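Below is one structure, written out as structure tokens; comments come after it.
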Amino acid sequence: MKFTKMHGLGNSYIYIDLFKETLDEDTLPELAVKLADKNKGIGSDGMILIGPSDSADVSMRVFNNDGSEAMNCGNGLRCVAKFAYEHNYVDQKVFKIETKGGLVEATVHPDANNQVPTVTINMGAPRLSRAEIPMSGSAVDQVVNETFVLQDKEIKLTAVSMGNPHAVIFTEDIENIPLYEVGPALEKHERFPEWVNVEYVEVVTNDELHFRVWERGTGITQACGTGACAAAVASILNGHSQRGKEITVHLLGGDLMITWLENGDVLMNGAAETIFEGEWLL
Ligand SMILES: N[C@@H](CCC[C@H](N)C(=O)O)C(=O)O
């Protein structure tokens with residue numbers, strides 16, 4: 001089986017091209033775990049499948065490195081867009097990608113050699129009600145700076161779905177956050193029936209945020225694209241940032257530019273890189 005390892009700001013996945021490869025559905029979770037293993041596999045944050053779609057130009061499926069399947073992946077979308085354009089699976093610079101969390105629109109920005117260093121994804125509108133996150137409690141309510149008791153301590157969180165669930169916690173000191181304790185405890189908390197990605201955000205200015213993530217099904221990663229979108233939306237919902245204005249999110253692996261447009265959609269712009277291609281022999 002041929003594969004390509006790609007990353008978006010250090011958030012790396014093993015990409016399999018289902019235009020060429022055939023995989024048995026039952027083996028996918030186990031394959032993701034094996035490929036992602038840094039000692040016995042290739043090493044990555046998970047596995048992403050790129051394939052044909054009935055409703056869009058290409059499709060993306062995402063598996064975390066614990067084998068769980070996610071509905072969406074922002075860094076993965078930019079890499080899928082780059083891959084699809086560079087492999088001529090699309091012939092336009094603007095095209096649609098199907099995810100389990102819905103359809104998104106990709107715009108690639110190719111260089112003079114027709115290679116794609118950066119991509120903008122229109123992620124669609126964030127989903128903000130508890131039912132859409134999902135999170136227990138009154139279905140229609142939004143969760144903005146809500147007090148949450150976690151292991152007898154109070155934290156304040158804002159919940160945002162970008163097709164996948166995020167819990168955003170604001171901090172005044174990003175270098176001293178209890179991510180290793182709060183991340184796993186909140187990720188699998190019973191109030192999030194599908195579990196949750198956990199983000200800490202420090203507001204630098206109204207258009208600049210520092211960001212750290214504990215990803216559902218993976219743990220700490222260098223970057224999370226949907227998480228950066230959720231952080232920008234949460235910053236606006238909490239009155240720290242402005243709608244319609246680009247926000248630079250500083251992640252461990254680099255920067256993403258996020259804009260929550262007045263029409264409701266969220267734009268994410270950032271890098272996508274190919275690391276290497278290879279053949280999986282096991
Ligand atoms: N790294 C991703 C998100 C991957 C899925 C996530 N861990 C989940 O389970 O929802 C991104 O860049 O958005």
Side-chain angles (χ1 to χ4, degrees), residues 5-15 28-29 32-33 35-36 43-50 60-83 97 99-102 104 106 118-124 126-127 132-135 159-168 179 183-184 186-189 192-201 209 211-234 249-258 266-273 275:
K5 184 171 180 180
M6 304 176 84
H7 79 96
L9 309 178
N11 187 205
S12 67
Y13 292 87
I14 308 305
Y15 291 78
L28 297 178
V33 174
L35 293 171
S44 70
D45 295 322
M47 171 180 84
I48 291 186
L49 309 179
I50 305 170
M60 172 183 86
R61 285 180 70 184
V62 187
F63 292 81
N64 293 311
N65 69 13
D66 70 351
S68 60
E69 183 166 9
M71 307 286 275
N72 205 357
C73 176
N75 292 320
L77 281 167
R78 297 197 313 283
C79 291
V80 168
K82 172 185 171 70
F83 188 97
I97 303 177
T99 74
K100 289 222 153 178
V104 303
T118 60
V119 178
T120 304
I121 304 285
N122 183 333
M123 303 285 288
R127 297 152 213 186
E132 291 169 304
I133 300 300
M135 182 179 172
V160 176
S161 170
M162 292 304 308
N164 57 349
H166 296 271
V168 179
L179 192 52
L186 196 53
E187 176 196 13
K188 294 182 180 166
H189 195 281
F192 293 98
E194 293 178 13
W195 302 355
V196 73
N197 296 286
V198 180
E199 285 92 16
Y200 274 91
V201 173
L209 307 175
F211 172 98
R212 298 287 185 277
V213 64
W214 177 277
E215 278 198 38
R216 177 177 68 162
T218 304
I220 291 177
T221 63
Q222 295 269 300
C224 178
T226 50
C229 295
V233 168
V249 183
H250 304 298
L251 305 101
L252 274 179
D255 291 351
L256 283 174
M257 276 57 71
I258 311 292
V266 176
L267 299 184
M268 171 191 58
N269 175 258
E273 284 195 81
I275 305 169

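Atoms within each ligand, like the ligands themselves, are counted from 1 in listed order. The structure displayed is predicted, hence computed values, not measured ones.
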Of all the atoms in ligand 1, which lie at a distance below 4.0 Å from a heavy atom belonging to [X]?
| X | result |
| --- | --- |
| Y13 | 1 (N), 2 (C), 4 (C) |
| G74 | 11 (C), 12 (O), 13 (O) |
| N75 | 11 (C), 12 (O) |
| G225 | 11 (C), 12 (O), 13 (O) |
| N72 | 3 (C), 4 (C), 5 (C) |
| A70 | 5 (C), 8 (C), 9 (O), 10 (O) |
| C224 | 2 (C), 3 (C), 11 (C), 12 (O), 13 (O) |
| N64 | 4 (C), 5 (C), 6 (C), 7 (N), 8 (C), 9 (O) |

Would you say [X]'s side chain and [Y]'s backbone share a donor-acceptor pair under 3.5 angstrom?
| X | Y | result |
| --- | --- | --- |
| R216 | E194 | yes |
| R212 | Y200 | no |
| D66 | S68 | yes |

Do [X] and [Y] come within less than 4.5 Å of each other through their side chains, counting heavy atoms only?
| X | Y | value |
| --- | --- | --- |
| H166 | V233 | no |
| M123 | L77 | yes |
| C79 | Y15 | yes |
| N75 | L256 | yes |

At what distance is the nearest protein heavy atom to atom 2 (C) of ligand 1, and which residue and atom is it?
C73 SG, 3.2 Å
Tell me which protein heavy atom sits closest to atom 6 (C) of ligand 1, plus the residue, atom name and distance to 0.1 Å.
N197 OD1, 3.3 Å
Among the heavy atoms of G217, does any lie under 4.0 Å from an atom of ligand 1?
no
Is it true that V213 lies under 4.0 Å from ligand 1, counting heavy atoms only?
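No.
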Shortest reach to atom 7 (N) of ligand 1 by a heavy atom, considering only R78, H166, E187, E215:
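Closest candidate by heavy-atom distance is E215.
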Before giving the answer on side-chain contact (heavy atoms from CB on, under 4.5 Å), spell out for Y13 and L35 the whole-Å C-alpha distance, their side-chain angles and the decisive distance to 0.1 Å.
CA-CA 9 Å; Y13 292 87; L35 293 171; over 6 Å; no
Apply the test side-chain contact (heavy atoms from CB on, under 4.5 Å) to residues M60 and N72: give CA-CA distance (whole Å), side-chain angles for both, the deciding distance (0.1 Å), then the verdict.
CA-CA 8 Å; M60 172 183 86; N72 205 357; 3.8 Å; yes
Should T226 be counted as touching ligand 1, given the test is an N or O pair under 3.5 Å?
yes
